Amino acid sequence: MTGFETVLLRAAGTAASALVRSALSRAPGAGLTTDPARPVQRWRRPPTELGEPEVRRLAEALAARMDEATARLPENERLAAVAAVGDAFASLGPLDAEALFAADLDPTTLAAALPPAPPGLGEAAEALYGRLVRLCCEHTVEYLTTLPGFAARTDAELVRRTGRLERHMDRTAARLAATAASEAHHFRCKDQRN
């Protein structure tokens with residue numbers, strides 16, 4: 001092997017290891033959870049939105065972490081609660097950056113958009129449903145904020161919102177100025193008559 005071939009092999013190895021590291025590691029997310037659950041396998045290319053299969057996988061993973069809460073539940077009730085969470089998220093459609101922006105990146109706001117526990121769940125399964133919904137929302141926000149390009153989309157959304165706010169404030173200031181001028185004119189006319 002020549003020196004040039006050796007340099008090429010080393011450069012290719014370095015580039016390949018950098019690609020593998022970047023594929024396996026994630027950017028830090030919103031910091032809502034200390035141990036984020038992944039809705040997709042680590043080796044899969046991360047989707048830019050979470051659909052029903054990913055949310056169901058996330059709900060199952062989070063339910064498995066809740067040993068104490070699920071230990072006293074019969075398996076059929078635990079499975080019914082997990083399925084109900086999947087169904088609730090499916091009713092929203094795929095979750096992506098736009099869905100998070102609509103919820104202002106707030107898991108509680110996202111959870112409020114979901115339907116309540118379906119009828120037929122027992123009291124313990126209904127409580128599990130509520131906890132899983134909150135956890136899934138936290139982990140969904142955490143996951144989607146780690147995706148490549150999310151920071152750039154967030155910057156664009158902030159510029160858009162700031163522009164809307166500025167235009168609204170300008171219109172409000174113009175209206176207040178017009179109202180103040182109208183009232184001042186009204187009082188001047190009233191003083192002239194007296």
Side-chain angles (χ1 to χ4, degrees), residues 11-70 78-117 127-166:
T14 302
S17 69
L19 283 172
V20 168
R21 275 195 309 273
S22 71
L24 294 178
S25 67
R26 310 282 318 156
L32 299 173
T33 63
T34 55
D35 185 20
R38 292 183 55 84
V40 294
Q41 288 84 10
R42 189 173 288 280
W43 53 268
R44 263 188 70 203
R45 181 176 174 269
T48 57
E49 63 183 30
L50 296 181
E52 182 182 353
E54 292 86 11
V55 173
R56 285 190 191 280
R57 183 177 188 277
L58 182 61
E60 289 168 4
L62 292 171
R65 290 181 179 183
M66 300 167 59
D67 290 336
E68 64 190 45
T70 61
R78 187 188 74 76
L79 291 174
V82 170
V85 170
D87 293 342
F89 275 90
S91 72
L92 288 181
L95 294 171
D96 58 4
E98 296 306 316
L100 294 189
F101 294 145
D104 292 332
L105 297 176
D106 182 14
T108 305
T109 303
L110 185 60
L114 293 166
L128 176 61
Y129 171 87
R131 286 186 62 197
L132 278 176
V133 162
R134 287 187 299 278
L135 284 173
C136 280
C137 288
E138 288 174 8
H139 287 259
T140 296
V141 171
E142 184 70 30
Y143 172 77
L144 290 173
T145 58
T146 67
L147 294 177
F150 186 83
R153 291 193 68 188
T154 302
D155 289 343
E157 180 68 14
L158 285 172
V159 169
R160 200 174 305 123
R161 287 183 180 199
T162 302
R164 272 197 311 256
L165 181 61
E166 184 178 0

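Predicted model only: the values in this text are computed from it and were never measured.
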Residue pair Phe89 / Val133: nearest heavy atoms and the distance that separates them | CZ-O, 4.3 Å
Partners meeting side-chain hydrogen bond (donor to acceptor under 3.5 Å, both in side chains) with Arg78 (sequence neighbours left out) = Glu75
From Tyr129 OH over to Asp87 CG, what is the distance, rounded to the nearest 0.5 angstrom?
-> 8.5 Å
Supply the atom-to-atom distance Leu50 CG to Leu144 CG, rounded to the nearest 0.5 angstrom.
-> 4.5 Å
Residues in side-chain hydrogen bond (donor to acceptor under 3.5 Å, both in side chains) contact with Arg134, at least two apart in sequence or another chain | none
Minimal heavy-atom distance between Leu114 and Ala88, with the atoms involved, is CD2-O, 3.3 Å
Ala81 to Leu128 - nearest heavy-atom pair and separation | CB-CD2, 3.8 Å
Atom pair CZ/CG of Arg65 and Leu135 - distance to nearest 0.5 Å = 9.0 Å
Atom of Ala63, atom of Leu132 and distance for their closest heavy-atom approach | N-CD2, 3.7 Å
Do the side chains of Arg131 and Leu62 get nearer than 4.5 Å, heavy atoms only?
-> no
Can you name the closest pair of heavy atoms from Val141 and Pro107 and give their distance?
-> CG2-CG, 4.2 Å
Under the side-chain hydrogen bond (donor to acceptor under 3.5 Å, both in side chains) test, which residues partner Thr109, sequence neighbours left out?
-> Asp106
Could you give me the CA-CA distance, side-chain angles and deciding distance for Leu100 and Phe150, then say whether side chain to side chain contact (heavy atoms under 4.5 Å, CB included) is met?
-> CA-CA 11 Å; Leu100 294 189; Phe150 186 83; 4.2 Å; yes
Rounding to 0.5 Å, atoms CZ (Arg57) and SG (Cys136) come to a distance of 12.0 Å
OH of Tyr143 to CG of Leu58, rounded to nearest 0.5 Å, is 10.5 Å
Would you give the length of the straight line joining atom CG of Leu95 to atom CD of Glu52, rounded to the nearest 0.5 angstrom?
-> 11.5 Å
